[in-house]
Amino acid sequence: METVAVIDFETTGLSPGQGDRATEIAAVILKDGEIIGRYQSLMNTGAWVPAFIESLTGITNEMLRSAPPASLVMQEVADFVGDYPLVAHNASFDSKFWDAEMARIDRTRRQEFVCSLLLSRRIFPKAPSHKLSALIEYANLPVAGRYHRALADAEMAASLLQRLAHELREQHKVNTVSVDLLSRIQRAPKSQLTKCIAHARAV
DNA sequence: TGCCAGGCCCTCTTTAGGGCCTT
């Protein structure tokens, strides 16, 4: 598989459209099955973190007061991931925050997102749940740290992505797992999934 | 005025509803 950047945001809530902001970002560069680079930073946007979110993530308003400004962090992480395809667990969430925070520094995303949640639903249809923590346990992957902290979640999403690629190669006999194939699998209707994988197997 | 996420996916579906998943 090509080199990809697996990212994870912690935020003040669920929707940038409703005023929610990022509080932490992590990105890991995954190349040839190994993490070769890590970026992690809290970021100060001035937004208030609700008590529930403080409890969920362990990221407090006090911690963010001394964090670097979001504009600096987003410049750094954008430079760090470059043009590598981005991967996230439930990418519809992270892509919204990525695009919203990038727009604030007048930068635009060029690459596509791959979603490990959508892929898991297709490749591990029998998993009891497709939330990240449940999939880590289901696939017997190591817990990288505290859930709901950006670097730990990004590292676990990266190991999950590798396991999904392994499953495609071993169980579905796909010779070459590419980002393009993953993109097509995550978009494939269930009725066309077998056909999609069979086509990839022949390549 | 009043409400306030939104995309995916299943099903007792498609003229819809509700659960999952992210914080």
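All of these numbers come straight from a predicted model, not from anything done at the bench. A note on names: the letters A, B, ... follow the listed sequences, proteins ahead of strands, and every chain is numbered from 1.
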Please classify the nucleic acid contact of A:Gly17 as base, sugar-phosphate, or nothing, using heavy-atom distances under 4.0 Å. nothing
If each of A:Ala188 and A:Gly13 is mapped to the nucleotide of DNA chain B with the nearest heavy atom, which maps nearer the 5' terminus, i.e. the 5' end? A:Ala188
From CD1 of A:Ile53 over to P of B:dT22, roughly how many Å is that when rounded to an integer? 13 Å
If you look at every strand shown and take non-hydrogen atoms under 4.0 Å, does A:Phe9 touch a base, only sugar-phosphate, or nothing? sugar-phosphate
Nucleotide nearest A:Ser92 when distance is taken to its side chain, options B:dC8, B:dG7, B:dT23: B:dG7
Using a 6.0 Å cut-off, check whether atom CD of A:Glu137 has over 12 heavy atoms from anything other than its own residue. no
Residues A:Leu118, A:Arg121; criterion side chain to side chain contact (heavy atoms under 4.5 Å, CB included); working and verdict: CA-CA 5 Å; A:Leu118 295 181; A:Arg121 281 179 176 159; 4.0 Å; yes
Out of B:dT23, B:dC8, B:dC21, which has the shortest distance to the side chain of A:Leu117? B:dC21
A:Lys126 NZ to B:dC20 P, straight-line distance once rounded to whole Å: 21 Å
Using atom P of each nucleotide, how far apart are B:dG7 and B:dC12 to the nearest Å? 26 Å
How many Å lie between NZ on A:Lys131 and P on B:dC9, as a whole number? 19 Å
How long is the line joining CD of A:Glu10 and P of B:dC21, in whole Å? 17 Å
A:Gln111, CD atom: more than 12 neighbouring heavy atoms under 6.0 Å: yes
Which part of the nucleic acid, if any, lies within contact of A:Thr12, taking any heavy atom under 4.0 Å across all strands shown: a base, the sugar-phosphate backbone alone, or nothing? nothing
Can a side chain N or O of A:Arg187 be found less than 4.0 Å away from OP1 or OP2 on B:dC8? no
Please determine if A:Arg149 and A:Glu10 form a salt bridge, counting it only when a charged side-chain N lies under 4.0 Å from a carboxylate O. no
Which part of the nucleic acid does A:Asp8 contact within heavy-atom distance under 4.0 Å: base, sugar-phosphate only, or nothing? sugar-phosphate
Gap in Å between the two C1' atoms, one belonging to B:dG17 and one to B:dT13, rounded: 9 Å
Check this one for me: any side-chain N or O of A:His148 less than 4.0 Å away from OP1 or OP2 of B:dT23? yes
What contact category does A:Ser129 fall into here, base, sugar-phosphate, or nothing, at under 4.0 angstrom with non-hydrogen atoms? sugar-phosphate
Determine the interatomic distance between C1' on B:dA5 and the same-named atom on B:dT23; round to the nearest Å. 11 Å
Side chain to side chain contact (heavy atoms under 4.5 Å, CB included) test vs A:Tyr39 passes for just one of A:Val28, A:Leu151, A:Val73, namely A:Val73
Tell me: CG of A:Asp20 to P of B:dC21, nearest whole Å? 21 Å
Could you give the CD-to-P distance, from A:Gln186 to B:dG7, as a whole number of Å? 15 Å
Under a 4.0 Å threshold between the charged nitrogen and the carboxylate oxygen, would A:Lys31 count as salt-bridged to A:Glu2? no
Please report the distance separating the P of B:dC8 from the corresponding atom of B:dC4, rounded so that it comes out in whole Å. 22 Å
With rounding to the nearest 0.5 Å, note down the distance linking CD1 in A:Ile7 to OH in A:Tyr84. 15.5 Å
Heavy atoms under 4.0 Å, any strand shown: does A:Leu14 hit a base, just sugar-phosphate, or nothing? base
Counting the atoms with a prime plus P, OP1 and OP2 as sugar-phosphate, which does A:Arg21 contact under 4.0 Å by heavy atoms, base, sugar-phosphate, or nothing? nothing
Judged by each residue's nearest nucleotide on DNA chain B, which is more toward the 5′ side, A:Pro189 or A:Gln18? A:Gln18
Quantified in whole Å, what is the P atom distance between nucleotide B:dC9 and nucleotide B:dC3? 31 Å
Rounding to an integer number of Å, can you tell me how far A:Lys96 NZ sits from B:dC8 P? 11 Å
Per A:Thr11 side chain, nearest of listed nucleotides B:dT23, B:dT22, B:dC9: B:dT23
Tell me the interatomic distance from A:Asp94, atom CG, to B:dG6, atom C1', rounded to whole angstroms. 14 Å
